[in-house]
Amino acid sequence: MANTILVGAQWGDEGKGKIIDVLTEQADIVVRYAGGNNAGHTVYVGKQKYVLHLVPSGILRKKKLCVIGNGVVVDPIGLVEEIEGLKKLGIKVTPDNFALSETAHVVFPYHRELDAQREVLKGKNKIGTTKRGIGPAYGDKAARVGLRVNDLIDPALLEVKLAARIKENNGVFKALGAKQLSFKKVFAEYREAGQYLKPLVTNTVVLLHDAMRQRANILFEGAQGTFLDIDHGTYPFVTSSNTTAGGACTGSGVPPHRMDRVVGVMKAYTTRVGEGPLPTENQVISDLLHGMGREFGATTGRARRCGWFDSVATRHATMVNGIDDLAITNLDGLDTVESIKVCVAYRHGNKQYDFVPNDAAVLAECQPIYVEFDGWCTPTDKAKTFKQLPPKARAYLKAIAELSNAKLFIASVGPGRDQTIFV
Ligand code: GDP
Ligand code: IMO
Ligand code: MG
């Protein structure tokens with residue numbers, strides 16, 4: 001399969017987990033390279049539903065190595081819970097199939113508290129974060145005051161470094177009128193989690209390069225989406241990592257010239273959870289999808305905002321990520337829509353954009369310019385081949401792939417493994 005980076009081409013929740021699970025069949029190793037447990041990747045194996053937050057979605061297949069790379073921020077309490085939850089469902093996580101980077105940064109309770117406090121301070125300008133402490137954890141990493149997994153698994157190092165961080169953060173909480181953290185309690189909990197995780201910790205950069213020498217196929221599992229990227233997204237309504245393809249290199253230690261292919265995952269329509277501009281947002285399509293019980297967040301349970309497919313955004317995503325192939329998911333979500341709109345450009349005053357403007361305030365004022373497609377008004381969820389799809393559905397898929405400037409590779413018509421059409 002060669003080394004493949006898989007990224008979300010919209011605002012997250014594109015169905016990356018499902019597509020990773022399908023592509024893992026041909027991979028040897030699956031690597032998460034960015035984000036933390038703000039992610040929620042849903043995979044169905046038969047009727048069993050799994051929601052992965054930190055553990056790569058490849059874990060559900062046997063004899064695949066799953067790696068959490070250096071670019072991820074790890075909440076160890078959450079990770080232990082996730083591993084234990086998987087064990088209860090019969091999925092073993094051992095040093096044979098799972099490796100955690102020594103240099104991934106650790107998320108602590110003060111990060112979560114700061115995340116929550118900053119949202120309150122922002123009031124109506126809040127980001128709508130997942131409150132998992134992601135922003136403050138990456139902030140500490142950039143400020144060079146973060147603790148890494150290597151610190152977590154060494155109780156003596158953890159004790160000294162954590163004491164200093166709690167002291168500083170308690171000073172901030174005092175000024176904010178927020179509750180003080182108990183060093184004793186946090187230290188005890190984190191020491192225990194660190195010792196639980198210790199056997200899984202390794203130098204994942206060396207591990208990946210050893211595997212490449214043995215011609216392993218590596219799949220890089222993106223989290224979040226292109227427009228949540230700290231550099232390329234709708235700042236400040238973004239997450240705090242590089243979610244785009246470049247992040248796979250820095251977040252894993254695998255250099256750019258060893259990457260062979262980029263797969264972009266996108267829904268056949270658009271969704272976003274949290275605040276920030278979403279030019280094609282539409283109440284009718286939101287109500288339709290929510291009425292079907294779809295589009296509720298896998299991590300926070302929040303209703304996702306929904307809208308028409310935005311090809312200005314996906315074209316921009318192809319440019320920034322270098323997307324070669326597209327996996328288009330949730331085609332079946334449009335099965336009952338008689339006339340389907342696709343945004344092909346934005347209008348802002350008398351200016352027209354065919355790329356996503358950098359200023360989130362400008363983007364929020366952009367009016368989508370739409371073309372309309374006839375709906376197919378037939379269920380697609382049982383189709384097994386591209387030919388079995390209604391002609392109007394095929395035309396729609398081809399058109400949105402072409403508008404996104406990349407090749408149609410997969411069409412997904414349901415959450416199951418067998419609802420995946422290779423084009
Ligand atoms: P991720 O974060 O990109 O992995 O996506 P999420 O798991 O957060 O959200 C995608 C949702 O769509 C999940 O509930 C998936 O089970 C579901 N899903 C993925 N592909 C399809 C599809 O083709 N059709 C339907 N009906 N659901 C899908
Ligand atoms: P997956 O991997 C969708 C959004 C939050 C918020 C913003 C910042 O499942 O696609 P953060 O907690 O990261 O500081 O929140 O980013 N967000 C996601 N939206 N899918 C995700 O992950 C997300 N991870 C973060 O809703 O708007
Ligand atoms: Mg998700």
Side-chain angles (χ1 to χ4, degrees), residues 6-22 32-45 48-54 56-57 72-73 75 107 111-112 114-116 118-119 126-139 221-230 233-241 243 264-269 271-278 289 292-305 327-335 379-381 383 397 410-421:
L6 182 138
V7 291
Q10 295 163 322
W11 277 270
D13 301 329
E14 296 91 346
K16 298 177 293 293
K18 176 198 155 153
I19 302 299
I20 285 281
D21 170 68
V22 169
R32 264 288 300 272
Y33 60 82
N37 61 354
N38 49 349
H41 296 177
T42 315
V43 182
Y44 280 87
V45 182
Q48 181 64 54
K49 178 182 178 180
Y50 300 87
V51 182
L52 287 315
H53 298 287
L54 276 163
S57 305
V72 175
V73 288
D75 181 331
V107 181
H111 294 129
R112 283 197 301 274
L114 264 182
D115 192 352
R118 283 181 182 152
E119 286 283 271
K126 71 173 196 253
I127 295 164
T129 74
T130 61
K131 298 203 176 77
R132 296 296 189 272
I134 304 299
Y138 277 112
E221 176 173 351
Q224 289 78 52
T226 299
F227 297 99
L228 293 174
D229 183 285
I230 181 87
T234 53
Y235 193 91
F237 303 101
V238 293
T239 191
S240 300
S241 62
T243 62
V265 186
M266 49 179 69
K267 279 176 175 149
Y269 46 91
T271 66
R272 169 168 208 164
V273 60
E275 307 305 317
L278 188 64
L289 292 162
M292 291 156 87
R294 300 162 68 132
E295 302 309 343
F296 293 92
T299 295
T300 57
R302 290 177 291 177
R304 295 175 182 145
R305 298 156 62 195
I328 301 178
T329 68
N330 287 277
L331 181 73
D332 54 305
L334 298 177
D335 282 353
T380 56
D381 59 321
L397 285 169
I410 287 175
S412 171
V413 292
R417 282 177 175 169
D418 60 351
Q419 292 172 301
T420 312
I421 298 170

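Both counts, for ligands and for their atoms, begin at 1 and track the order of listing. All of these numbers come straight from a predicted model, not from anything done at the bench. No hydrogens, no waters, no symmetry mates; every other heavy atom, side chains included, goes into these values.
With hydrogens and angles ignored, the 3.5 Å screen pairs a side-chain donor or acceptor of R272 with a backbone N or O of E275. Between the Q419 side chain and the D381 main chain, a donor and an acceptor come within less than 3.5 Å of each other.
Sorting the N, O or S atoms of D13 by how far they are from the Mg ion (ligand 3) puts OD1 first.
Ligand 1 lies under 4.0 Å from heavy atoms of D13, E14, G15, K16, G17, K18, G40, H41, T42, Y44, R294, A298, R304, T329, N330, D332, S412, V413, G414, P415. At a heavy-atom cutoff of 4.0 Å, ligand 2 is surrounded by W11, G12, D13, K16, N38, A39, G40, H41, I127, G128, T129, T130, A223, Q224, L228, V238, T239, V273, G274, R302.
Contact between R132 and V107 at its shortest, heavy atoms only, is O-CG1, 3.5 Å. The minimum heavy-atom distance linking K131 with D115 is given by the pair CA-OD2, 3.3 Å.
Side-chain contact between K18 and T420 is present, with at least one heavy-atom pair separated by less than 4.5 Å. For the pair T129/N38, no side-chain contact is recorded, criterion being any heavy-atom separation below 4.5 Å from C-beta on. Between R294 and T271, every side-chain heavy-atom pair lies at or beyond the 4.5 Å cut-off.
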Step-by-step side-chain hydrogen bond (donor to acceptor under 3.5 Å, both in side chains) determination, Y269 to E295
CA-CA 11 Å; Y269 46 91; E295 302 309 343; 2.5 Å; yes

TODO: Take T380 and D335 through the side-chain hydrogen bond (donor to acceptor under 3.5 Å, both in side chains) test and state the conclusion after the steps.
DONE: CA-CA 7 Å; T380 56; D335 282 353; 3.0 Å; yes

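Separation of atoms CZ (F296) and CZ (R302) is listed at 13.0 Å; rounding is to 0.5 Å.
Among the atoms of G297, no N, O or S atom is found under 2.8 Å from the Mg ion (ligand 3).
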